[in-house]
Amino acid sequence: WISFIENEKYEYKFEIINRSNFPAYDVVLEKMLEDGKEIWKKETGASGYHKPTFDSEGNVYIVGQNEIISIDKDGNERWKDKIGKRGCSHDPLMGHDGKIYLIGDDNEVSCYNTNGKMEWTRVIKGALSHKPFLDKNGILNVKASVKGGFSSSNLKIDTRRKGEYLGVELCETFHHLTVDKNGNTYGFRGGKFRVTDPGGKELWAVDLPGDTTSSNQEIGPDGNIYVR
């Protein structure tokens with residue numbers, strides 16, 4: 001499949017090509033002007049199916065099967081690094097603090113700066129390899145599976161203290177949690193899509209059609225919540 005990602009006045013076409021059999025995918029990144037004229041096209045060396053993210057300088061960060069790769073705005077590889085022992089199963093998160101956050105398949109939570117230096121890493125039991133969310137206070141919210149089957153719980157990690165583990169927020173009745181920059185939690189419960197504030201007070205709830213247990217949501221760059 002192909003995804004179009006806007007960055008400044010350019011468009012990036014992110015193409016995943018299956019040259020053999022799953023999971024041997026090759027990631028190709030193409031940078032174009034708004035009128036579709038190609039500036040450069042690069043086979044990144046990554047293999048996988050994760051969308052890239054960008055920093056304020058236009059550098060690109062891509063996660064492959066077991067590594068993260070950075071490419072500059074001119075299409076040159078800047079750096080790459082191995083991700084844990086088993087790789088990563090989600091898109092990289094570019095936090096509002098300018099750091100890149102990854103959750104490895106081996107429960108390893110890692111923080112990189114944009115120059116490729118790993119600033120800290122922590123192995124936290126129960127951390128799931130889903131894209132995390134960083135709130136305005138620098139708390140990284142990580143989906144978790146902890147004892148008792150709370151598969152939609154959130155681990156709280158303080159990024160300002162080099163990944164200090166703060167504890168777990170048990171939300172056993174919610175499906176597919178997402179947390180915004182203000183600490184509000186979005187998720188499905190009891191057949192409705194609900195939003196609660198950091199203190200647990202429900203702000204609003206709406207009925208949505210379809211099977212909500214298999215749905216998911218994401219907060220867009222415009223601050224709106226998109227549900228699929």
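Everything quoted here is computed from the prediction, not taken from an experiment.
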Applying the 4.5 Å side-chain criterion to the ILVMFWY set and letting contacts propagate, would [X] and [Y] be lumped into a single cluster?
| X | Y | answer |
| --- | --- | --- |
| I39 | F54 | yes |
| W79 | M118 | yes |
| L203 | F193 | yes |

Derivation and outcome, side-chain contact (heavy atoms from CB on, under 4.5 Å), residues I157 and R122: CA-CA 10 Å; I157 300 170; R122 296 281 184 274; 6.0 Å; no
Exam field: side chain [X] to backbone [Y], donor-acceptor pair closer than 3.5 Å:
| X | Y | value |
| --- | --- | --- |
| D135 | N137 | yes |
| W40 | K73 | yes |
| H96 | G138 | no |
| R78 | T114 | yes |

Does the side chain of [Y] come within less than 4.5 Å of [X]'s, by heavy atoms?
| X | Y | value |
| --- | --- | --- |
| Y61 | I69 | no |
| K42 | V28 | no |
| N66 | I83 | no |

From [atom1] ([X]) to [atom2] ([Y]), nearest 0.5 Å:
| X | Y | atom1 | atom2 | value |
| --- | --- | --- | --- | --- |
| I68 | Y112 | CD1 | OH | 6.5 Å |
| L134 | N141 | CG | CG | 8.0 Å |
| W204 | K192 | CH2 | NZ | 12.0 Å |
| F133 | L93 | CZ | CG | 8.0 Å |
| K80 | I71 | NZ | CD1 | 10.5 Å |
| D81 | S70 | CG | OG | 11.5 Å |

Between [X] and [Y], which heavy-atom pair has the shortest distance, and what is it?
| X | Y | value |
| --- | --- | --- |
| M32 | E38 | CG-CA, 4.1 Å |
| P92 | I100 | CB-CG2, 4.2 Å |
| V109 | W120 | O-CZ3, 3.7 Å |

Steps toward side-chain contact (heavy atoms from CB on, under 4.5 Å) verdict (M94, D55): CA-CA 7 Å; M94 174 61 69; D55 65 21; 3.7 Å; yes
Name all residues meeting the salt bridge (Lys or Arg N to Asp or Glu O under 4.0 Å) criterion together with K156; count only those two or more places apart in sequence or in a different chain, and write none if there are none. E169
Quick one: side chain to side chain donor-acceptor pair (under 3.5 Å) partners of [X], sequence neighbours excluded?
| X | value |
| --- | --- |
| D158 | R160 |
| S110 | T121 |
| Y101 | D97 |

Considering only residues two or more places apart or on different chains, which pairs with a residue in residues 102-120 satisfy salt bridge (Lys or Arg N to Asp or Glu O under 4.0 Å)? K99-E119
Co-members of L166 in a cluster of I, L, V, M, F, W and Y side chains, linked at under 4.5 Å: I139
Hey, are K82 and E67 close enough for a salt bridge, meaning a charged N less than 4.0 Å from a carboxylate O? no
Test V142 against I124 for side-chain contact (heavy atoms from CB on, under 4.5 Å), laying out the working first. CA-CA 10 Å; V142 179; I124 301 178; over 6 Å; no
